[in-house]
Amino acid sequence: MVPERDYRTRLQVWLPKLVLSPSVALIAVFVYGFILFTVYLSFTDSRILPSFGLVGWSNYEKLFRLSHWEISIANLGVFSVLYIGICTVIGLALAIFLDQKIRGEGVLRPIYLYPMALSFIVTGTAWKWLLDPGIGLENTMHDWGWESFSFNWIKDRDYALYCVVLAAVWQTSGFVMAMFLAGLRGIDNEMLKAAQIDGASNFSLYRRIVIPQLRPAFLSAFVILGHLAIKSYDLVIALTGGGPGRATELPATFMYSYTFTRNQMAIGASSAVIMLMTIAAIMVPYLYSELREQKQ
C-alpha cells in the first residue's frame, strides 16, 4: 500500500509539470529566446538579414542621432500623456456613474466594455472610415446640408495624432472603467455611511475616502495603459499608417519600418530593445509592489 500511495503522490506532483512542459518550452524559445536574439542583433551590423559581426554600441548611437526616432519619441510622449490621462478620467467617471446602482447597469456595462473586445486593426479601420473627409463624418454632414462643416484632422499633420488618441481612448476607456468599478465595489460601505453621518459632502467623500482607496486601481490602469501606449502599432497602421508624413509615427512603427522596409535590422532591433526597457521600467516596480503587498 505504501509504494502505491507514494506512486500516486509522485504522479500528482509530476503530471501537471509534464502537461505544462511543452508550453513552457515553446514560450522559453519563441518569446524569451527571441528577445535575447533581438538584444544580440542590436549589437551587430545586421541589415536585410541577421549578421554576426559585432559593432558594440554604435547602433544605439546612430539611433539617437536619427530625427525620425526623435519624432517618434516626441509623438509617443504626447500620445501617452493624453491617452493615459483621458482614459483614466473617463474610466473613473463611468465607474462612479455605474456605482450609483442605476437602472440598466447590466445593459450599460457590456456596452462600455464592448470596444475592448475588438482588435486594434478593426478599431483603426472603423475610425479611419469615420474620420475620412471623403466618406466619413464630414461627407455625411455635407449630405445633410451642413456645407460649412469641416473635420479633416486625419489629413492634417497638426491634428492627426489626436485622431489616434481618440480611437485609442474609445477602445480602452471601458476596460479602465471595469477596473475602477471593481475597486469601488470593494470599498467598505460602513465607512462611507459613517462619513455621511458626520456631514461629509459627496465631493469630500470621494476626494478623501474613495479616491485614495482606489490607488491599486490607478496603478494597474497606469501600467496597462502605459504598456499599450508604448507598443501601439496596429491601431496606428490601420488608422493613419504613421502619416501624414511622420505626424503619427511611434516607436513601434519606427521599429517595423527600419527592420522590414528600410533593411536596417540592427537599428530596428536597437529601437525594440529601448521599447522593451521602457516597458520593463513600468512593469518591474509594479510587480515588486504587488509581491511586497502579498508578503505583508
Derivation and outcome, side chain to side chain contact (heavy atoms under 4.5 Å, CB included), residues L214 and L92: CA-CA 10 Å; L214 290 178; L92 181 60; 3.8 Å; yes

Stepwise side chain to side chain contact (heavy atoms under 4.5 Å, CB included) test for T259 and Q264: CA-CA 5 Å; T259 303; Q264 298 285 338; over 6 Å; no

side-chain hydrogen bond (donor to acceptor under 3.5 Å, both in side chains) assessment of S42 paired with N59: CA-CA 7 Å; S42 69; N59 289 321; over 6 Å; no

side-chain hydrogen bond (donor to acceptor under 3.5 Å, both in side chains) evaluation trace for Y83 with T172: CA-CA 9 Å; Y83 175 51; T172 322; 2.8 Å; yes

Stepwise side chain to side chain contact (heavy atoms under 4.5 Å, CB included) check, L108 with L98: CA-CA 8 Å; L108 291 175; L98 292 181; 4.1 Å; yes

Verdict with reasoning, S46 to S51, per side-chain hydrogen bond (donor to acceptor under 3.5 Å, both in side chains): CA-CA 5 Å; S46 302; S51 174; 4.9 Å; no

Worked verdict on Y112 versus F97 for side chain to side chain contact (heavy atoms under 4.5 Å, CB included): CA-CA 12 Å; Y112 294 149; F97 170 68; 4.0 Å; yes

Evaluation steps, side-chain hydrogen bond (donor to acceptor under 3.5 Å, both in side chains), between S148 and W146: CA-CA 6 Å; S148 62; W146 192 354; 3.0 Å; yes

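Taking 4.5 Å as the limit, every side-chain heavy atom of V176 sits out of range of all side-chain heavy atoms of I90. Two residues are said to be in side-chain contact when any heavy atoms from C-beta on lie closer than 4.5 Å; C87 and S173 meet this criterion. Put simply, the side chain of F37 reaches to within 4.5 Å of the side chain of P50, judged on heavy atoms. Looking at W170 and L166, their side chains never come closer than 4.5 Å, going by heavy atoms from C-beta outward. Between V55 and S58, the closest side-chain pair of non-hydrogen atoms falls below 4.5 Å. With contacts defined as side-chain heavy-atom distances shorter than 4.5 Å, the pair R185/D99 qualifies. At a threshold of 4.5 Å between non-hydrogen side-chain atoms, the residues R262 and R47 do not count as touching. The side-chain heavy atoms of H227 and I282, taken from C-beta on, include no pair separated by under 4.5 Å.
A continuous path of hydrophobic side-chain contacts links I86 to L94 [ILVMFWY only; heavy atoms under 4.5 Å]. Placement of M265 and M255 in two distinct hydrophobic clusters is found when ILVMFWY residues are connected by side-chain heavy-atom separations under 4.5 Å, directly or transitively. In the hydrophobic clustering of this structure, I237 does not group with V122; members are Ile, Leu, Val, Met, Phe, Trp, Tyr whose side-chain heavy atoms approach within less than 4.5 Å, directly or through other members. When hydrophobic clusters are built by joining Ile, Leu, Val, Met, Phe, Trp and Tyr residues whose side-chain heavy atoms come closer than 4.5 Å, directly or via intermediates, V78 is grouped together with I154. Put simply, I121 and L250 are part of two different groups of oily side chains (I, L, V, M, F, W, Y) that touch within less than 4.5 Å, one to the next.
Around the CZ atom of F151, the shell of radius 6.0 Å holds more than 12 heavy atoms that belong to other residues, nucleotides or ligands. Annotation for L219: atom CG counts as buried by contact number, over 12 foreign heavy atoms lying within 6.0 Å. Atom CZ of F149 sits in a crowded spot, with more than 12 heavy atoms from other residues, nucleotides or ligands closer than 6.0 Å.
Distance check, rounded to the nearest 0.5 Å: CE of M141 to OG of S150 gives 12.5 Å. Summarising the geometry, atom CE belonging to M179 is positioned 11.5 Å from atom CG belonging to L181; distances are rounded to the nearest 0.5 Å. Taking NZ of K128 as the reference point, atom CD1 of I135 lies at 8.5 Å (rounded to 0.5 Å). How far CD1 of I224 is from CD1 of I84: 11.5 Å, rounded to the nearest 0.5 Å. Annotation: the span from L76 atom CG to S232 atom OG amounts to 8.0 Å, rounded to 0.5 Å. Rounding to the nearest 0.5 angstrom, the gap separating the OG1 atom in T123 from the CG atom in D234 is 9.0 Å.
Separation of the F43 and Y60 ring centroids falls under the 6.0 Å cut-off. Two rings, from F218 and F180, have their centers less than 6.0 Å apart. In this structure, Y258 has its ring center closer than 6.0 angstrom to the ring center of F254.
In this structure, the side chain of S257 does not engage the main chain of T253 through any donor-acceptor pair within 3.5 Å. Although no hydrogens or angles enter the test, the distance criterion places a donor-acceptor pair under 3.5 Å between the side chain of S72 and the main chain of W69. In this structure, N75 contributes its side chain and R246 its backbone to a donor-acceptor pair below 3.5 Å. Side-chain atoms of E249 do not come within 3.5 Å of backbone N or O of G243 as any donor-acceptor pair.
Aromatic ring orientation, F34 versus F30: parallel (interplanar angle below 30°, classes split at 30° and 60°). The aromatic rings of F52 and Y40 lie tilted to each other, with the angle between the two planes from 30° to 60°.
Contact record, L184 with V210: CD2-CG1, 3.3 Å, taken as the closest heavy-atom pair. Residues A269 and L41 come closest through the heavy atom pair CB-CB, 4.0 Å. Nearest approach of P133 to E138, heavy atoms of both residues: CB-OE1, 3.6 Å. Closest non-hydrogen pair, I73 versus P251, comes out as CD1-CG, 4.1 Å. When all heavy atoms are compared, the tightest approach of D156 to D158 is OD1-N, 2.9 Å. Residues L54 and T44 share a closest heavy-atom pair of CD2-CG2, 3.9 Å.
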